[in-house]
J.: 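Please find one structure pasted underneath; my questions will follow.
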Amino acid sequence: MSNGINARDVAKLAGVSQSSVSRVFFGGASVSEKIRKKVLAAAEELGYVPNEFARSLITNKTRLIGLVMKGVHNPFYPQVLQEFTTHFNELGYTILFVHTNHDEIQKEDIEMLLHYHVAGVIITDATLSLKVIEEFKNNKIPVVLFNRKVEEPNFFSVGTNNLEASRQIAKFLIEKGCKDMAYISGARNTSTSIEREKGFSEMLAENKVPYKIYHSDYSYDGGFKTAKEIIQAGDIPSAFFVANDIMALGVLDALREQSIDVPAKTKVIGFDNIEMAAWPIYNLTTWEQPIAQMAKETVSYIISEIEEYTDRIGNIEINGELIERKTT
């Protein structure tokens, strides 16, 4: 919190110009060692703490990292936020959190990020238009799409190897003796849903295992309602693969409400390995996303681009692992 002391007060006590104080703390033209010592001594005496926003106005740079997030109700993303906050704080950076209600990042979100002169941007569960991409590129601001990717790589993305993960899930259920299956997807226009569906359905088709696909919205209610519809239709499969854990918990509760035994009658697998998945009431089998490693790769890219902007594009996919619990 500010103590009300500003650069003008420091300059007055040190007997130097305000621009000299700015140069000492925020860079720019060099100052003599004598002036530097006077300014630092005055700042220490007054308890002056340089204002990061004031610094950005002078240098056009901050130690702020913009994190744009839509799915705050999905427990996976608060875990992601915590991971990034820890990593960047250790490096002397602060997270500027931007919550968006839209699938695509909006003009006002961009304006806020640019207004605060963020050093980098991470977008977790929203998409970018080409116009937005150019806006960041023109300002030499590195951007990472986290847990998402686009068909045409115009920037850097980091995520899980969803295709391989979903193939392994299908293989696991086949080996468990499941004869027919259901896949409940999240939002249909996301790369995560598309790839998880693709890998799962391909493996089942290769093994001639019948399956049905149901579309939902990555929410608990979405999983609960979709499962209830399947139950009411009397079309309960021998296994459910659900595109994320929070939906899978909804599926489990819908099955429990109808006294359908899991895993004897049907099996359920989620995706993410959120903390709630391990709760004794659920004990959900799931595919763990390697959040720590994904965050590490993201931070590494952002920092390297801050130090020397190259506009490097690419996609990193990291393998997760199956966590078997009591729903299979």
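Both backbone and side-chain heavy atoms feed into the values below; hydrogens, waters and symmetry mates do not. Every value quoted in this text rests on a predicted model; they were computed, and no experiment measured them.
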J.: Can you tell me if Arg325 uses its side chain to pair, donor with acceptor, with the backbone of Leu284 under 3.5 Å?
T.: yes
J.: Assigning hydrophobic clusters by single linkage (Ile, Leu, Val, Met, Phe, Trp, Tyr; side-chain heavy-atom cutoff under 4.5 Å), is Val242 placed with Leu249?
T.: yes
J.: Kindly say whether Thr160 contributes a backbone atom to a donor-acceptor pair with the side chain of Glu195 at under 3.5 angstrom?
T.: no
J.: Could you pull out all residues at least two apart from Asp221 that satisfy salt bridge (charged side-chain N to carboxylate O under 4.0 Å, His left out)?
T.: none
J.: Run the side-chain contact (heavy atoms from CB on, under 4.5 Å) test against Lys37 and tell me which residues pass, sequence neighbours left out.
T.: Glu33
J.: Taking only residues at least two apart or on different chains, which pairs with a member in residues 185-205 satisfy ring pair (Phe, Tyr, Trp, His ring centres under 6.0 Å)?
T.: Phe200-Phe241
J.: How would you list, by chain and number, every residue that makes a side chain to side chain donor-acceptor pair (under 3.5 Å) with Lys198, sequence neighbours excluded?
T.: Glu202
J.: Determine whether a donor-acceptor pair (N or O, by modelled atom type, separation under 3.5 Å) exists between the side chain of Thr327 and the backbone of Pro263.
T.: no
J.: Say you draw a straight line from CD of Glu164 to CG of Asn319; how long is it, rounded to the nearest 0.5 Å?
T.: 6.5 Å
J.: Check side-chain contact (heavy atoms from CB on, under 4.5 Å) between Ala165 and all other residues, then give those that pass, not counting sequence neighbours.
T.: Phe271, Trp287
J.: State plainly whether the residues Asp253 and Arg256 are in salt-bridge range, i.e. N to O under 4.0 Å.
T.: yes
J.: Linking directly or through intermediates, with side-chain heavy atoms under 4.5 Å: list the remaining ILVMFWY members grouped with Ile194, chain and number order.
T.: none
J.: Are Ile246 and Ile323 connected in a single hydrophobic cluster, I mean Ile/Leu/Val/Met/Phe/Trp/Tyr linked by side-chain heavy atoms less than 4.5 Å apart?
T.: no
J.: Evaluate ring-ring contact (aromatic ring centres under 6.0 Å, His included) for Phe136 paired with Phe155, printing each intermediate quantity in order.
T.: CA-CA 10 Å; Phe136 288 126; Phe155 47 89; 9.4 Å; no
J.: Looking at Met276 and Pro75, what are the two nearest heavy atoms and their distance?
T.: SD-CG, 3.8 Å
J.: Is it true that a side-chain atom of Asn244 and a backbone atom of Met247 form a donor plus acceptor pair closer than 3.5 Å?
T.: yes
J.: Okay, side chain of Ser238, backbone of Lys179: is any donor-acceptor separation there less than 3.5 Å?
T.: yes
J.: Please check this pair: side chain of Asn89 against backbone of Thr86, looking for a donor-acceptor N/O pair closer than 3.5 Å.
T.: no
J.: Can you list the residues that meet the side-chain contact (heavy atoms from CB on, under 4.5 Å) rule with Arg312, with sequence neighbours excluded?
T.: Phe156, Tyr301, Ser304, Glu305, Thr310
J.: Not counting sequence neighbours, which residues clear side chain to side chain donor-acceptor pair (under 3.5 Å) with Ser193? List them please.
T.: Tyr218
J.: Side chain of Asp245, backbone of Ala248: donor and acceptor closer than 3.5 Å?
T.: no
J.: Please enumerate all residues that pass side-chain contact (heavy atoms from CB on, under 4.5 Å) together with Lys34, with sequence neighbours excluded.
T.: Ser32, Lys38
J.: Hydrophobic clusters here meaning ILVMFWY residues chained together by side-chain heavy-atom distances under 4.5 Å, can you tell me if Phe172 and Val262 are in one?
T.: no
J.: Check salt bridge (charged side-chain N to carboxylate O under 4.0 Å, His left out) between Lys212 and all other residues, then give those that pass, not counting sequence neighbours.
T.: Asp235
J.: Please enumerate all residues that pass side chain to side chain donor-acceptor pair (under 3.5 Å) together with Thr266, with sequence neighbours excluded.
T.: none
J.: For Val209, is there any backbone N or O sitting under 3.5 Å from a side-chain donor or acceptor partner on Asn207?
T.: no
J.: Once side chain to side chain donor-acceptor pair (under 3.5 Å) is applied, do any residues pair with Asp272, and if so which ones, sequence neighbours excluded?
T.: Gln289
